[in-house]
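Ligands are counted one by one from 1 in listed order, and the atoms in each one are counted from 1 as well. Remember, it's a predicted structure, so these values are computed and weren't measured experimentally.
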Amino acid sequence: MRTVYVNGEYLPEDEAKISIFDRGFLMADGVYEVTSVLDGKLIDFDGHAVRLKRSLDELDMASPVSDEDLLAIHRDLVEKNGIVEGLVYLQITRGAPADRDFAFPDPDEVPSSIVLFTQNKPGLAASPAAQKGMKVISIEDIRWGRRDIKTVQLLYPSMGKMMAKKAGADDAWMIQDGHVTEGTSNNAYIVKGNKIITRPRSNDILHGITRAAVLRFAEEAQMEVEERLFTIDEAKEADEAFITSASTFVMPVVEIDGVALGDGVPGKVAPRLREIYLDESRKAAI
Ligand code: PDD
């Protein structure tokens, strides 16, 4: 059984409890981070900690732990659960007031809630899906306008995943005003020749930690990166496409809305970026 962390305590998962009045549960008033683990070490922890702080600040939410404690809890959980490859999930909500109320509670009276747990994923790096590539469909992006904040409001992304599943695909890319925003839980890219094209950062997408690292590695490897909007039709005519996230690293996309890209198998750029990303991330892991 997993050991999880809830509000200051390490507990077996079946003993961990959160109030029914917790605003995360009632209002989706919470933020989260997912950090990957390779070789028992945390990948890009600092990037996730910085983004967490930004999400909390944007929502005027207090952090219940210091940065040092946050790292210590991540490491403790990885060790207690013997995680070699997998993920650490972290969630902070605006706590549990005495009753349901739209107004925020006074943070001096109601502390934020914090929950962390691990997900064991042996074979995460050597994923067969990365060899095969994935299929995506396109759906309208009807999410709220602050997607740069990593909130736990994941109903529409979950619905998108189900729409993809129903269509025999693996994931959905979301479209706003004719342009691709991102995947349901990842950032989206297309490749034309040696050029990697991805949507620029704004309130319309989550500023992926994997995205930042991959774009840096791409430029270091003399690949050209163009941050601009692209349409789904342009994507269907691209040489390659891929996604990035903490849970998938770099994953090739081989089909969009039933249209095969290139030969319908992963090309050169995405697998190479995946390799570079995994190598460099392992070296820098803590
Ligand atoms: N999702 N865009 C969205 C909408 C996401 O939910 C995520 C991450 C990303 C990629 O961000 P990063 O590279 O920092 O993981 C982009 C996580 C993995 C999840 O919800 O499980």
Do Arg94 side-chain atoms and Pro107 backbone N/O form a donor-acceptor pair below 3.5 Å? no
So does Lys236 have more than 12 non-hydrogen atoms from other groups sitting under 6.0 Å from NZ? yes
Show every donor-acceptor pair shorter than 3.5 Å between a side-chain atom in residues 52-63 and any protein atom, with sequence neighbours excluded, or say none if there are none.
| residue | atom | partner | partner atom | Å |
| --- | --- | --- | --- | --- |
| Lys53 | NZ | Asp57 | OD2 | 3.3 |
| Arg54 | NH1 | Asp148 | O | 3.4 |
| Arg54 | NH1 | Asp148 | OD2 | 3.2 |
| Arg54 | NH2 | Asp148 | OD2 | 2.9 |
| Ser55 | OG | Arg51 | O | 3.3 |
| Ser55 | OG | Lys150 | N | 3.3 |
| Glu58 | OE1 | Arg146 | NH2 | 2.8 |
| Ser63 | OG | Val65 | N | 3.3 |
| Ser63 | OG | Val65 | O | 2.9 |

Every pair of nitrogen or oxygen atoms between ligand 1 and the protein that is under 3.5 angstrom apart - can you list them with their distances to 0.1 Å?
| residue | atom | partner | partner atom | Å |
| --- | --- | --- | --- | --- |
| ligand 1 | 1 (N) | Lys150 | NZ | 3.3 |
| ligand 1 | 1 (N) | Ser185 | O | 3.3 |
| ligand 1 | 2 (N) | Glu182 | OE1 | 2.7 |
| ligand 1 | 13 (O) | Ile209 | N | 3.4 |
| ligand 1 | 13 (O) | Thr210 | N | 3.0 |
| ligand 1 | 13 (O) | Thr210 | OG1 | 2.6 |
| ligand 1 | 14 (O) | Arg51 | NH1 | 2.8 |
| ligand 1 | 14 (O) | Arg51 | NH2 | 2.9 |
| ligand 1 | 14 (O) | Ile209 | N | 2.8 |
| ligand 1 | 15 (O) | Ala246 | N | 2.8 |
| ligand 1 | 20 (O) | Tyr32 | OH | 2.6 |

What heavy-atom pair brings Ile149 and Val31 nearest, and what distance separates the two atoms? CG2-CG1, 4.3 Å
Angle class for the Phe230/Trp173 ring planes (parallel below 30°, perpendicular above 60°, tilted otherwise)? perpendicular
Taking the side chain from Glu33 and the backbone from Ala49, do they hold a donor-acceptor pair closer than 3.5 Å? no
